[in-house]
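As structure tokens, the structure follows; a few thoughts come after it.
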Amino acid sequence: MNIIVTENYETLSEEAAKRIAEVIKNKPNAVLGLATGSTPVGMYKKLVEYNRENQIDFSQVTTFNLDEYIGIPSEHSQSYRYFMDHHLFNHINIDYKRTHVPNGMAKDIKVECEAYDERIRSHGGIDIQVLGIGNNGHIGFNEPDSSLIVGTHVTELTEDTIQANSRFFNTISEVPTKAITMGIGDIMKAKEVILLASGNSKADIISKLLEDKIDTHIPASLLQAHPNVTIIVDQQAGKHL
Ligand code: GLP
């Protein structure tokens with residue numbers, strides 16, 4: 001794994017955005033795997049800037065998001081579809097039809113999950129997957145467990161995750177308890193992965209994920225088996241490295 005420790009959040013965001021820009025420059029119809037959460041917000045801001053300055057052309061790019069809550073509609077301000085539109089898609093020259101976020105309101109969620117994996121496959125797989133990391137080591141919504149699931153599936157959010165994500169809702173009871181997430185196999189199949197972490201609260205989990213073992217109770221540790229991963233952390237998240 002490559003590890004990049006940047007001076008601060010701003011330079012972390014720049015580093016990540018530059019890598020995405022490079023991928024698109026080399027392959028204008030690249031397939032991006034995208035993440036939500038506070039960490040990639042700065043990277044999306046940079047990508048919007050680069051697009052405005054004509055440094056990146058998104059017109060042929062396709063995107064697949066990692067996850068979506070079950071039970072809140074896409075117009076809800078906390079849905080991941082809303083997040084992506086608001087932080088990225090509404091501000092760049094992407095063909096909106098090429099942006100994919102799992103549908104957490106689908107009538108048949110199982111069919112939705114299978115169709116999502118099929119769509120990723122039919123686009124030739126993901127060229128670069130962006131990840132954040134939960135304080136408990138989750139990636140996407142692949143929560144710590146004794147076994148992990150390969151493909152897109154429904155997951156029950158852990159208490160830790162519900163607690164962490166309640167900061168975006170009025171009350172904790174409004175936080176959905178289930179989500180659709182791409183599976184560990186989907187993430188491992190991406191040709192390249194960049195995982196971003198910022199701030200003191202991520203320092204412990206970042207050092208744990210780099211310990212010399214793979215532990216399904218720290219889902220991000222599986223990335224050690226991936227041939228092309230870059231962990232980009234700011235000094236605070238990287239303070240134990
Ligand atoms: C959420 C998302 C993850 C994200 C994580 C960390 O639960 N499903 O994809 O990586 O939270 O979020 P943050 O970047 O806000 O710390």
Side-chain angles (χ1 to χ4, degrees), residues 6 8-10 12-13 15-17 32-46 63-72 74 76-84 86-88 100-104 113 116 126 128-145 148-149 152-169 172 174-184 186-188 190 193-206 208-209 218-223 229-234 236-238:
T6 67
N8 52 40
Y9 179 68
E10 174 79 13
L12 171 148
S13 303
E15 194 71 49
L32 312 180
L34 298 178
T36 53
S38 351
T39 313
V41 168
M43 178 193 77
Y44 291 137
K45 224 168 134 191
K46 294 276 166 204
T63 66
F64 285 93
N65 262 79
L66 279 168
D67 46 15
E68 179 60 284
Y69 289 121
I70 290 182
I72 58 176
S74 54
H76 189 291
S77 63
Q78 292 312 323
S79 80
Y80 287 170
R81 164 50 83 180
Y82 184 96
F83 175 102
M84 289 309 300
H86 179 75
H87 288 289
L88 186 68
H100 303 90
V101 180
N103 176 7
C113 292
Y116 203 69
I126 289 170
I128 183 165
Q129 175 66 56
V130 178
L131 297 175
I133 183 166
N135 291 324
N136 63 2
H138 75 212
I139 44 179
F141 270 135
N142 291 278
E143 297 281 34
D145 209 338
L148 298 171
I149 296 173
T152 297
H153 61 280
V154 173
T155 178
E156 303 263 349
L157 305 184
T158 60
E159 284 302 320
D160 288 356
T161 299
I162 293 173
Q163 186 65 48
N165 291 3
S166 67
R167 68 190 195 276
F168 300 114
F169 292 80
I172 193 161
E174 287 173 34
V175 186
T177 56
K178 286 182 182 185
I180 298 180
T181 182
M182 269 164 52
I184 288 292
D186 295 308
I187 295 170
M188 293 297 281
V193 175
I194 56 175
L195 182 144
L196 319 181
S198 161
N200 283 311
S201 66
K202 297 287 169 72
D204 287 348
I205 195 65
I206 287 295
K208 269 192 204 148
L209 102 84
I218 304 172
S221 69
L222 268 90
L223 295 172
V229 178
T230 306
I231 311 276
I232 310 177
V233 291
D234 60 12
Q236 290 178 330

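In listed order, ligands and their atoms are each counted from 1.
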Where ligand 1 meets [X] - atom numbers and elements under 4.0 angstrom, heavy-atom basis:
| X | result |
| --- | --- |
| F141 | 7 (O), 8 (N) |
| H138 | 1 (C), 3 (C), 5 (C), 7 (O), 11 (O) |
| T39 | 13 (P), 14 (O), 16 (O) |
| G132 | 10 (O) |

Within a strict 4.5 Å, meaning less than it, do heavy atoms of the [X] and [Y] side chains meet?
| X | Y | answer |
| --- | --- | --- |
| F168 | V175 | no |
| I205 | N136 | no |
| L88 | L34 | yes |
| I187 | L66 | yes |
| I72 | Y80 | no |
| E10 | K46 | yes |
| Q129 | F64 | no |

Protein contact to [atom] [nearest heavy atom, distance to 0.1 Å]:
| atom | result |
| --- | --- |
| atom 16 (O) of ligand 1 | K202 NZ, 2.6 Å |
| atom 8 (N) of ligand 1 | D67 OD2, 2.9 Å |
| atom 4 (C) of ligand 1 | T36 O, 4.0 Å |
| atom 6 (C) of ligand 1 | I133 O, 3.5 Å |
| atom 12 (O) of ligand 1 | G37 CA, 3.9 Å |

**OP:** Would you mind finding which of S38, G140, A220 brings a heavy atom closest to atom 3 (C) of ligand 1?
**Re:** G140
Original post:
Have T158 and E143 got a donor and an acceptor in their side chains that come within less than 3.5 Å?
Top reply: yes
Proximity to ligand 1 by part of [X], non-hydrogen separation under 4.0 Å:
| X | value |
| --- | --- |
| N135 | neither |
| Y80 | side chain |
| M182 | neither |

Subject >> Close approach, R167 and ligand 1, non-hydrogen under 4.0 angstrom >> reply: yes
Original post:
Does an N or O from T161, backbone or side chain, lie closer than 3.5 Å to an N or O of ligand 1?
Top reply: no
**OP:** Mind listing the closest non-hydrogen atom pair of Y9 and S38 along with its distance?
**Re:** OH-O, 3.3 Å
Subject >> Considering all heavy atoms, the nearest S79-S74 contact >> reply: OG-O, 2.8 Å
